[in-house]
Structures are given as C-alpha cells and as structure tokens.
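Taking it in order: structure first as structure tokens, then the write-up.
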Amino acid sequence: MTTIRLTNTKTRKKEVFTPIDPANVRLYVCGPTVYDRAHLGNGRPVVVFDVLFRLLRQIYGADHVTYVRNFTDVDDKINAAAQARKAAGDPRPLEDLIRERTDETIGWYHADMDALGALRPTAEPRATEWIGAMIAMIEDLIAKGHAYEAAGHVLFRVRSYRDYGALSGRSVDDMIAGARVEVAPFKEDPMDFVLWKPSDADLPGWESPWGRGRPGWHIECSAMSHELLGASFDIHAGGIDLQFPHHENEIAQSRCAHPEGGFANYWMHNEMLLVDGKKMSKSLGNFFTVRDLLDQGWPGEVIRMVYLGTHYGKPMDWTEEKAEQARDTLRKWRQLTENVEAANMPDPAVVAALANDLNTHGAIGQLHRLAAAGDVAGLKASANLLGLLTDDLADWTWRPVSGGVGTHHFEAMGIAAGPATVGTSQLKVFDLEQVEQKIAQVLTARSEARAARDYQLADQYRGKLLAAGVSVKDQPGGAVWELMPDFDPAKLEAIK
RNA sequence: GGCGGGUUGGCGGAGAGGUUACGCAGCGGAUUGCAAAUCCGUGAAGACCGGUUCGAUUCCGGUACCCGCCUCCA
C-alpha cells in the first residue's frame, strides 16, 4: 500500500500517515461561516483537502473514508446581517431571517464548490443543529474543572490545560505579555475564552443551564467532531490562520472533555491566498469571490488547476497569467483525452507525488510527462485523481458540434449558449444553431476562396470572423473554430 | 515585542547532498499559401555571508528582505 506522508503542524515535521482504523479513515476540515459568498481564499482549503479526500479514498477505498466539514451558522456577523434586514422593515422573526440567510449562503457555497470540482464531504453538520451536544460538552468541562460560569458567560480555564499553546508554539505567558488579549473583568485569566455567551432578546439564543444564550465559536468543532468522528480521529485540517486561536482552543476543549481520546493525530494547515502580496481577507476587503471569477468566465476547473499549481503549504497569488496557462493546458489535455476511456488506475508517479505531502504541483508535472508520452488513458485516470479532466467539469470547453466544415468545437468561455440558465447578466445569450450555421456558411465561402487560391479573400473572411469573436484555425482535418470571450453574435450575422 | 513560514532561471514552480525537473514565454529548425497547431533542438537559477562535506541550490548557523499569526478570518 502506498505510504502517505503529511506535514503535521502539531510536530512541524513530515510524518508517515498511519490511520487509527484503515477501514474508517476520518478527516475533519473547518468549514465556512455562512454569512456571505466564499471568496477565493476560502476555496483553497476546499480544493486542497478535496485532493486529500480523493487520495485517501484511492488508497483506503471510497467507502473507508469519512470526511466531515462543518457549517458555522451561528455567528455575530450572521446576526448583524439579519438584524439589518429587520431594521430595514422585514416583519419576520429574527430566527427566520437568519435561517433564510444561512440557507441561501449554504446554497451558494455548494454551487461554488461544486463548480470547483470538490466532492461533497460525507457529512456537513450545521452548528445550530448540534447545540445540545455543545451544551453537554460545556457542562462536562465545568464538571471537570476546566470551565467556569461568570457573568452569564461560560469560560474555558486555559490554565487548567497544561499543553495549551502546543499546537501554535506559544505559551500563555508570552501571549499575555503581548497584551493583545481582550480584557474582560469576569475572566479569571485574560487568555480564557468563551464557551457560551448570553443572548439578549434581539439575538438568537438557546435555553441552557446558564440561561438563554449561544455558543462561542470554537466549541462547535469540538462537539461535532466528537459526535461524528469520535474522541480520536486521524486528520484535522484548515487554514493556517485558524491555527491560533481556533484550533488551539478546540484541542484544549476536546482533550479536557475527552481525556481518553487523542483528538486529531495529524493537523494540516494550508497557507493563505495573497492579493498584491497581502493575505486575502474580508477584514482587509481585498477579496473577490469564487463566483466573481466564474462569472468572468473562468471555468471552475481552471480555478482548481491554479490552486493545485502551488503546494498548499506555501502562500499563493492568484494571477490572470496563471489562469490563462492553466486554461491552455487543460484545453490541450481535454482535447487529448476526448472520448478516451480512463485507465483503471492512476499513474503510480502521480499517486506517489500526492502521497508525498500532497505535492499537487509535482503531480501536475507527472501529468505533463504522461501527456508527452502519449499515455492518454493514464493521463485521464491520473488527472481524475486530482479532480481534473472529470466529466463533471467538462462543460466549459470543447463541446463538439457536428456538421459543417471540418471538426467544430464550441468553447463556452464566458458565453452561454441557448437560453441562459445561469442568472448572471454578463453571460451572452444566443442561438447556438443559428451561430453554427452562419459560421459554417462563412467558412464554406472561405474554403472556396482558398481552393481558388484567392488567399486575400480567404484571409478577409477569417479577419471578419475574428472581429466578431470567432477564432478560426486550420488543422489537418479542416478548419476549427471557437468562440472567444468577446464573441458578438450581431457582428457575426453582419458578415457577408 | 513573542511565535511561525518564505526567498530557485524572463514568469510560474518542484524534487533530489553528486546525474535534464516540469510548464509557459524566448531563441533556432521542420511543417504551413499565411496564421494557429504540432514536432525536433536550445540558452537561462538557486537572496547574502559563513560552516559541515571529496562535493550543497539541497544539511547547519548568521544577515537582509518579504509574509502570516498573536483581534473576526480558509
């Protein structure tokens, strides 16, 4: 069996991955807070750990991997959005407004992550559906002396957990010295963090032994991972910015509540996405969403390929140049593997690259090797392991069109054929059949001109098509056309 | 201030203590009415200073610069 090696943030070393139970390999990834569209940075861990999920399935069997990714649907930003809507005159109860907002956001999230080719996790628990488990865990922590009630809050007693800070490599004393901790008079220690906080009448809340309130952010992951994966599981992953305090606090809660378990054996953290050298984040406002890129015409598969072009442990810039390169490569590979049956197994070198701490860039290098060697079945099977060249993501390019001159290809870069089903104004709508006919007509005229050796006229036709956004290339089998992002149906019709 | 990460050829970006990374772009050639595509060939690197070593871009130490976390954040 292939040996997987992963960089374990807990030990800061690359370690051989040994699952607790090979018949049920368990992975937990911190999911989104559902108050808004996912930005490009949010998509990175989804794609990176989707590849991990696929690799684990490949090696241990598809039915032997459990992947949990949560939805945080209780959060002050969500509350604020709902309150703003209520203030704007919406008569419905706050709970309904919140539920509507989070349902809507989850729908967006699924649509956007599906577009990136990410498989749905085995389970996607919503925090609001596990409040009972959180309350039980908090009670347990109080009973064990790791938490205390104060001023309507329940706080975790950081000093009660000896290894607090081990994951992120810091000590409680150092952090207090840094003096950037929230000072609340009811805290025993400035580093203590909230497990439960009171809700007043105009905030969502649940009844609890400490009155009506809502959970702190960190407890949900501890409670849900325990319920769904147990006190010990294999891998816990997320963005590096979650390492502290979120993951540190999760460890403290889980280890203290379930000292019999080890919580996560391996911790994996992806580095950040950068814009102009700075971390992409909502607080800085320098972000764009996955949907923005999709609407601009970048296929999800291209975005996915760009993500996988950089090792997850390194910061990554999104640039149009990278996207263009990824698009061109995928286009080539899609052509090579069109109508090709994928091999039974991915190429060993590709599996080996991924097994080496998810070296996705190295794996892509191997795909280039397979393409150059003409092993198209191996290329397809191997790319599939990376979630590339899959049928699910095939929509965007090289849709074969029958009839006319030579082989026609329709490319959907930023263009919707037929009646628009995607609700965005940027997509162009036209009648594909009519367009095909017109192009075929012009190409026929052009080929007649070429047959008559009237190259000036032939080039005029090509120039006019190009001006209308139709690129024409002569290939051995005949002329091939594709629609460019600036395709203009009106200009095409005007060609004589 | 504390903690962590990074610095590779024109660009992107890997592996490996000694042997061509790879892709894109460039250059030369084949092919083509032209363009595109394709094929063949090809130049170019390891922030800086030390150390270990027969040999380091790869290991160790230091310097510089960049980035992240310490506050909600993937």
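Lettering of chains follows the sequences in order, A, B, ..., and the numbering in each one begins at 1. Model, not experiment: these values are computed from the prediction.
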Parallel, tilted or perpendicular: which describes the rings of A:His246 and A:His218, with under 30° parallel and over 60° perpendicular?
tilted
Could you check how far NE2 of A:His247 sits from P of B:G4, rounded to whole Å?
19 Å
May I have the distance from A:Ile364 (atom CD1) to B:G23 (atom P), rounded to whole angstrom?
13 Å
Run the side-chain donor-acceptor check on residues 448-466 of chain A: report pairs under 3.5 Å with partners two or more places apart or on a different chain.
residue	atom	partner	partner atom	Å
A:Arg450	NH1	A:Asp474	OD1	3.4
A:Asp454	OD1	A:Leu457	N	3.2

Which parts of residues 302-322 of chain A get close to RNA chain B, meaning a heavy atom less than 4.0 angstrom away?
A:Gly309, A:Thr310, A:His311, A:Lys314, A:Glu321, A:Lys322
Pair pattern of RNA chain B in dot-bracket, where unpaired bases get dots and | marks partners in another strand, Watson-Crick or G-U under 3.5 angstrom
(((((((..(((.....[...))).(((((.......)))))....(((((..]....))))))))))))....
Tell me: CD1 of A:Ile240 to C1' of B:A74, nearest whole Å?
11 Å
If you look at every strand shown and take non-hydrogen atoms under 4.0 Å, does A:Tyr455 touch a base, only sugar-phosphate, or nothing?
base
Is it possible for you to check whether A:Arg170 lies under 6.0 Å from the centre of the six-membered ring of A:Phe244, through NZ or CZ, and within 45° of that ring's axis?
yes
Which residues pass the ring pair (Phe, Tyr, Trp, His ring centres under 6.0 Å) test with A:His269, not counting sequence neighbours?
A:His247
By side chain to side chain donor-acceptor pair (under 3.5 Å), which residues pair with A:Arg26, not counting sequence neighbours?
none
What does A:Asn359 touch in the nucleic acid at a heavy-atom separation under 4.0 angstrom: a base, only the sugar-phosphate, or nothing?
sugar-phosphate
Applying salt bridge (charged side-chain N to carboxylate O under 4.0 Å, His left out), name anything that partners A:Arg126, two or more places apart in sequence or on another chain.
A:Asp73, A:Asp103
Heavy atoms under 4.0 Å, any strand shown: does A:Gly41 hit a base, just sugar-phosphate, or nothing?
base
Residues in side chain to side chain donor-acceptor pair (under 3.5 Å) with A:Glu124, at least two apart?
A:Arg69, A:His110
Grab the CD-P distance between A:Gln243 and B:C67 for me, whole Å please.
20 Å
Name every donor-acceptor pair, under 3.5 Å, that has one atom in a side chain of residues 315-322 of chain A and the other anywhere in the protein, sequence neighbours excluded.
residue	atom	partner	partner atom	Å
A:Thr319	OG1	A:Lys322	N	3.2
A:Lys322	NZ	A:Asp317	O	2.8

Please classify the nucleic acid contact of A:Arg462 as base, sugar-phosphate, or nothing, using heavy-atom distances under 4.0 Å.
base
Provide a list of protein-nucleic acid N or O atom pairs under 3.5 angstrom, restricted to nucleotides 43-46 of chain B.
none

Please report, rounded to the nearest Å, how far the P atom of B:A21 is from the CZ atom of A:Arg369.
17 Å
Considering every strand and a 4.0 Å limit on heavy-atom distances, what is the contact class for A:His368: base, sugar-phosphate, or nothing?
sugar-phosphate
Quick one: list whatever passes side chain to side chain donor-acceptor pair (under 3.5 Å) with A:Asp202, sequence neighbours left out.
none
Sequence neighbours excluded, which residues qualify as side chain to side chain donor-acceptor pair (under 3.5 Å) partners of A:Asp234?
none
Can you name the residues that form a ring pair (Phe, Tyr, Trp, His ring centres under 6.0 Å) with A:His39, not counting sequence neighbours?
A:Phe287
